A.B. asks: 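A single structure is presented below for examination.
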Amino acid sequence: MAPSAAQRVVIENCAVATVDADDTEYACGHLVLAGNRIESVGAGRAPEGLENVVRRIDASGHLATPGLVNTHHHCYQWITRGLATDHNLFDWLVALYPVWARIDERMTYAAARGSLAMMARGGVTTAMDHHYVYPRGAGDLSGAVIRAAAETGVRFTLARGSMDRGEKDGGLPPDFAVETLEDALAATEQTVREHHDASFDAMTQVAVAPCSPFSVSTELMRQGAELARRLGVRLHTHGSETAEEEKFCHELFGMGPTDYFESTGWLGEDVWMAHCVHMTDADIAAFARTGTGVAHCPSSNARLAAGIARVPDLLRAGVPVGLGVDGTASNESGELHTELRNALLINRLGPHREAALTARQALRLGTYGGAQVLGRAGQIGSLEPGKLADVVLWRMDTLAHASIADPVTALVLGAAAPVTASFVNGRQIVDHGRLVAVDEDAVARSTREEAQRLARIAARG
């Protein structure tokens with residue numbers, strides 16, 4: 001708990017959705033933030049006699065929720081949005097890998113600033129980036145992304161990705177954009193040792209994240225899992241995203257993706273996978289048995305025609321599920337709060353599925369579910385005393401939402417709600433829809449410049 005001498009921020013007169021184990025909600029409640037922790041949350045006004053109150057916020061007309069948690073992303077794709085817009089996954093990758101293979105440190109930094117800024121101003125307080133493209137001589141790409149996250153003010157997990165299966169080995173990426181097995185493992189270990197913080201209030205963590213079965217050797221998968229467990233960090237990869245991947249795994253490994261993952265040590269409570277669209281009952285049972293998590297990316301799956309993940313079935317089985325924006329070359333909006341709505345709507349498609357997901361389940365996916373998937377459910381993802389002060393105030397009294405009585409329904413099913421304030425670790429990073437520490441106009445200019453520079457280089461390539 002925060003010390004009694006901590007500076008306090010008092011938030012009052014708002015609806016509160018705690019997303020705790022009981023889904024406790026208050027029609028009119030309060031929060032007290034003390035330092036970087038939540039000190040109290042409850043109905044009515046804050047307790048009297050609080051010391052060291054440095055700010056009081058009258059949040060009338062607002063809904064307070066935990067900050068949104070993004071569980072899958074590729075920040076570098078911010079500068080390749082709007083390309084290959086009518087392609088399936090494999091054709092999309094074939095079209096874009098030659099472009100991505102030309103990224104450098106300056107481009108990666110600009111793209112990460114743009115992508116993280118867009119998420120943060122839309123209520124994301126914990127972001128992650130699965131960065132797996134490391135062209136030779138491109139500079140410190142991991143450091144560039146981590147620096148951008150620190151400047152934006154979000155809590156952050158870098159999933160240090162890797163690929164060692166280039167074109168000459170039957171993979172999709174150009175050979176100069178992949179690493180050797182030894183280099184990938186060494187660079188990943190160095191990134192963990194330099195940047196991973198295991199403390200309760202860590203702002204930066206690192207996961208081990210070979211890209212996918214069709215761009216990574218079996219040995220990199222196996223040794224990557226061993227490395228992660230030796231270092232005590234989590235594991236992340238893409239899994240079961242398309243029907244073509246299922247066919248690929250059967251042809252190359254003689255088994256489906258889930259069985260392949262299990263054979264390489266890639267199922268467990270320390271693992272989460274992106275997409276998991278094409279899952280059998282047996283696959284879901286394996287994830288549930290092992291505690292393996294899922295990052296559900298509904299907009300990207302629709303954009304690439306990958307299919308509809310069986311999220312209601314995953315939840316019923318007890319699989320941890322969070323939400324992901326995915327890379328913005330397959331979800332150009334780059335905003336996680338729109339995924340609350342899209343997750344609910346897409347999972348209701350089909351006959352007799354009108355209650356497949358509820359508004360409150362969607363909010364849980366985007367908050368507590370994401371915290372579970374990132375291994376941080378004890379620290380973030382719900383508004384409870386003792387947890388970290390990652391809080392968002394959504395304005396619900398404007399034209400877009402004022403006539404919807406239930407604020408959670410308004411947030412999930414209504415238009416994107418304005419963010420009046422977003423706090424990370426007790427520090428405000430968004431004020432009335434604008435980032436506090438980042439010049440959004442300057443970020444926009446730099447992303448446009450770097451997108452144009454990358455396009456010129458790729459055209460010559």
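These numbers were taken from a predicted model, which means no experiment stands behind them.
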A.B. asks: Do R155 and Q379 have side-chain N/O donor and acceptor atoms under 3.5 Å apart?
C.D. replies: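 Short answer, no.
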A.B. asks: Who passes salt bridge (Lys or Arg N to Asp or Glu O under 4.0 Å) against E384, sequence neighbours left out?
C.D. replies: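 Applying salt bridge (Lys or Arg N to Asp or Glu O under 4.0 Å) to E384 gives K387.
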A.B. asks: What residues form a side-chain contact (heavy atoms from CB on, under 4.5 Å) with A400, not counting sequence neighbours?
C.D. replies: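 Result, side-chain contact (heavy atoms from CB on, under 4.5 Å) vs A400: T398, A415.
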A.B. asks: Are the side chains of T242 and N88 in contact, using a 4.5 Å heavy-atom criterion?
C.D. replies: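 They are not in contact (no side-chain heavy atoms under 4.5 Å apart), so the answer is no.
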A.B. asks: Between T126 and V69 (side chain of the first, backbone of the second, donor and acceptor by atom type, cut-off under 3.5 Å), is there such a pair?
C.D. replies: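 It does not hold such a pair.
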A.B. asks: Between S162 and A184 (side chain of the first, backbone of the second, donor and acceptor by atom type, cut-off under 3.5 Å), is there such a pair?
C.D. replies: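 No; zero donor-acceptor contacts below 3.5 Å.
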A.B. asks: I'd like to know if the side chain of S215 and the backbone of C211 have a donor-acceptor N/O pair within less than 3.5 Å.
C.D. replies: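 Absent.
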A.B. asks: Looking at every heavy atom in both W266 and M273, which two are closest together, and how far apart are they?
C.D. replies: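 Minimum heavy-atom contact is O-CE, 3.0 Å.
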A.B. asks: So, are R360 and E25 salt-bridged, with charged N and O less than 4.0 Å apart?
C.D. replies: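 So R360 pairs with E25 through a salt bridge.
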A.B. asks: Shortest non-hydrogen contact from D23 to T18?
C.D. replies: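 Here D23 and T18 meet closest at C-OG1, 4.4 Å.
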A.B. asks: Which is it for F176 and R102 under the side chain to side chain contact (heavy atoms under 4.5 Å, CB included) test, yes or no, and what are the steps along the way?
C.D. replies: CA-CA 10 Å; F176 67 86; R102 271 76 181 180; 3.5 Å; yes
A.B. asks: Under a 3.5 Å distance rule, please check whether D140 uses its side chain to pair with a backbone N or O of G143 as donor and acceptor.
C.D. replies: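 Present.
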A.B. asks: Can you give me the closest heavy-atom contact between R364 and D20, atom names plus distance?
C.D. replies: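 R364 and D20 have their closest heavy atoms at NH2-O, 2.5 Å.
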A.B. asks: Checking T191 now: which residues fulfil side-chain contact (heavy atoms from CB on, under 4.5 Å) with it, not counting sequence neighbours?
C.D. replies: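 side-chain contact (heavy atoms from CB on, under 4.5 Å) list for T191, sorted by chain: S142, L158, R160, H195, V206.
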A.B. asks: Any donor and acceptor pair, going by atom type alone, linking the side chain of N36 with main-chain N or O of G426 inside 3.5 Å?
C.D. replies: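 Pair absent, no side-chain N/O of N36 close to backbone of G426.
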A.B. asks: Just grab all the side chain to side chain donor-acceptor pair (under 3.5 Å) pairs involving residues 89-98, residues at least two apart or on different chains.
C.D. replies: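 Every pair satisfying side chain to side chain donor-acceptor pair (under 3.5 Å) with a residue in residues 89-98: there are none.
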A.B. asks: Would you say the side-chain atoms of T420 and H62 include a donor-acceptor pair closer than 3.5 Å?
C.D. replies: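 Judged by distance alone, the side chains do pair up.
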A.B. asks: Mind listing the closest non-hydrogen atom pair of L435 and A120 along with its distance?
C.D. replies: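 For L435 and A120, the tightest heavy-atom pair comes out as CD2-CB, 3.7 Å.
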A.B. asks: Of all residues at least two apart in sequence or in a different chain, which pass the side-chain contact (heavy atoms from CB on, under 4.5 Å) check with V32?
C.D. replies: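 With sequence neighbours excluded, V32 shows a side-chain contact (heavy atoms from CB on, under 4.5 Å) to R8, V10, H30, E39, S40, A46, P47, L50, given in chain and number order.
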A.B. asks: Is the side chain of H337 donor-acceptor paired with the backbone N or O of L68 at a distance under 3.5 Å, no angle test?
C.D. replies: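 Such a contact is absent between H337 side chain and L68 backbone.
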A.B. asks: What residues, two or more places apart in sequence or in another chain, satisfy ring pair (Phe, Tyr, Trp, His ring centres under 6.0 Å) together with Y76?
C.D. replies: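 If we apply the ring pair (Phe, Tyr, Trp, His ring centres under 6.0 Å) test to Y76, skipping adjacent residues, the hits are W100, H131, Y132.
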A.B. asks: So which atom in V436 and which in V430 form the shortest heavy-atom distance, rounded to 0.1 Å?
C.D. replies: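 Result for this residue pair: CG2-N, 3.8 Å.
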A.B. asks: Quick one: are R376 and L388 in side-chain contact, heavy atoms under 4.5 Å?
C.D. replies: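 R376 reaches L388 side chain to side chain.
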A.B. asks: Restricting to side-chain contact (heavy atoms from CB on, under 4.5 Å), what partner residues turn up for V178, sequence neighbours left out?
C.D. replies: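 Result, side-chain contact (heavy atoms from CB on, under 4.5 Å) vs V178: M163, P173.
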A.B. asks: For P135 versus I103, what's the shortest heavy-atom pair and its separation?
C.D. replies: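 Where P135 meets I103 most closely, the heavy atoms are CG-O, 3.8 Å.
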A.B. asks: Filter on ring-ring contact (aromatic ring centres under 6.0 Å, His included), then keep only pairs touching residues 394-425, sequence neighbours left out; what's left?
C.D. replies: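 Listed once each, the pairs would be none.
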A.B. asks: Who passes salt bridge (Lys or Arg N to Asp or Glu O under 4.0 Å) against E332, sequence neighbours left out?
C.D. replies: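 By the salt bridge (Lys or Arg N to Asp or Glu O under 4.0 Å) rule, E332 matches R303.
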A.B. asks: Is there a donor-acceptor pair under 3.5 Å between the side chain of S115 and the backbone N or O of A112?
C.D. replies: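 Looks like no, no N/O pair under 3.5 Å.
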A.B. asks: With a sphere of 6.0 Å drawn around CD of E269, does it hold more than 12 non-hydrogen atoms of other residues, nucleotides or ligands?
C.D. replies: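 It does not: E269 CD has 12 such atoms or fewer within range.
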A.B. asks: Could you walk me through whether R453 and D104 satisfy the salt bridge (Lys or Arg N to Asp or Glu O under 4.0 Å) test, starting with their C-alpha distance in whole Å, then the side-chain angles of each, then the deciding distance to 0.1 Å, before giving a yes or no?
C.D. replies: CA-CA 11 Å; R453 185 166 72 91; D104 60 22; 3.0 Å; yes
A.B. asks: Test your reading of the model: is there a side-chain donor-acceptor pair from E245 to the backbone of S240, 3.5 Å cut-off?
C.D. replies: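 Judged by distance alone, yes, a pair lies under 3.5 Å.
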A.B. asks: Under 4.0 Å between a side-chain nitrogen and a carboxylate oxygen: does that hold for R193 and E189?
C.D. replies: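 A salt bridge is present here (some side-chain N lies under 4.0 Å from a carboxylate O).
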A.B. asks: Can you name the ring pair (Phe, Tyr, Trp, His ring centres under 6.0 Å) partners of H238, sequence neighbours left out?
C.D. replies: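 Here the qualifying residues are H72, H74, H130, H275.
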A.B. asks: Counting only heavy atoms not in L399, do more than 12 fall under 6.0 Å of its CG?
C.D. replies: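 No, the 6.0 Å shell around CG holds no more than 12 heavy atoms from other groups.
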A.B. asks: Kindly compute the distance separating CG (L96) from NE2 (H87), expressed to the nearest 0.5 Å.
C.D. replies: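 One gets 8.0 Å once the value is rounded to the nearest 0.5 Å.
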A.B. asks: Using the rule given for salt bridge (Lys or Arg N to Asp or Glu O under 4.0 Å), can you reason through R56 versus D58, listing the C-alpha separation, both sets of side-chain angles and the distance that settles it, and then say yes or no?
C.D. replies: CA-CA 7 Å; R56 288 186 177 272; D58 180 358; over 6 Å; no
A.B. asks: Name all residues meeting the salt bridge (Lys or Arg N to Asp or Glu O under 4.0 Å) criterion together with E335; count only those two or more places apart in sequence or in a different chain, and write none if there are none.
C.D. replies: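 Salt bridge (Lys or Arg N to Asp or Glu O under 4.0 Å) check on E335 returns nothing, list empty.
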A.B. asks: Distance alone, cut at 3.5 Å: any donor-acceptor contact between the side chains of S299 and E339?
C.D. replies: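 Yes, side-chain donor-acceptor contact under 3.5 Å.
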A.B. asks: Is it the case that the side chain of D390 and the backbone of T125 share a donor-acceptor pair, with hydrogens and angles ignored and the cut-off at 3.5 Å?
C.D. replies: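 No, D390 side chain to T125 backbone: no donor-acceptor pair under 3.5 Å.
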A.B. asks: According to salt bridge (Lys or Arg N to Asp or Glu O under 4.0 Å), who are the partners of R310, at least two apart in sequence or on a separate chain?
C.D. replies: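 Once residues adjacent in sequence are excluded, the partners of R310 under the salt bridge (Lys or Arg N to Asp or Glu O under 4.0 Å) criterion are D281, D313.
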A.B. asks: One pair to check against side chain to side chain contact (heavy atoms under 4.5 Å, CB included): L365 and L357. What are the steps and the verdict?
C.D. replies: CA-CA 10 Å; L365 290 175; L357 279 184; 4.1 Å; yes
A.B. asks: Looking at V443, is its backbone amide N or carbonyl O close enough to the side chain of T447 to form a donor-acceptor pair, meaning the two atoms are under 3.5 Å apart?
C.D. replies: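 Yes; at least one donor-acceptor contact below 3.5 Å.
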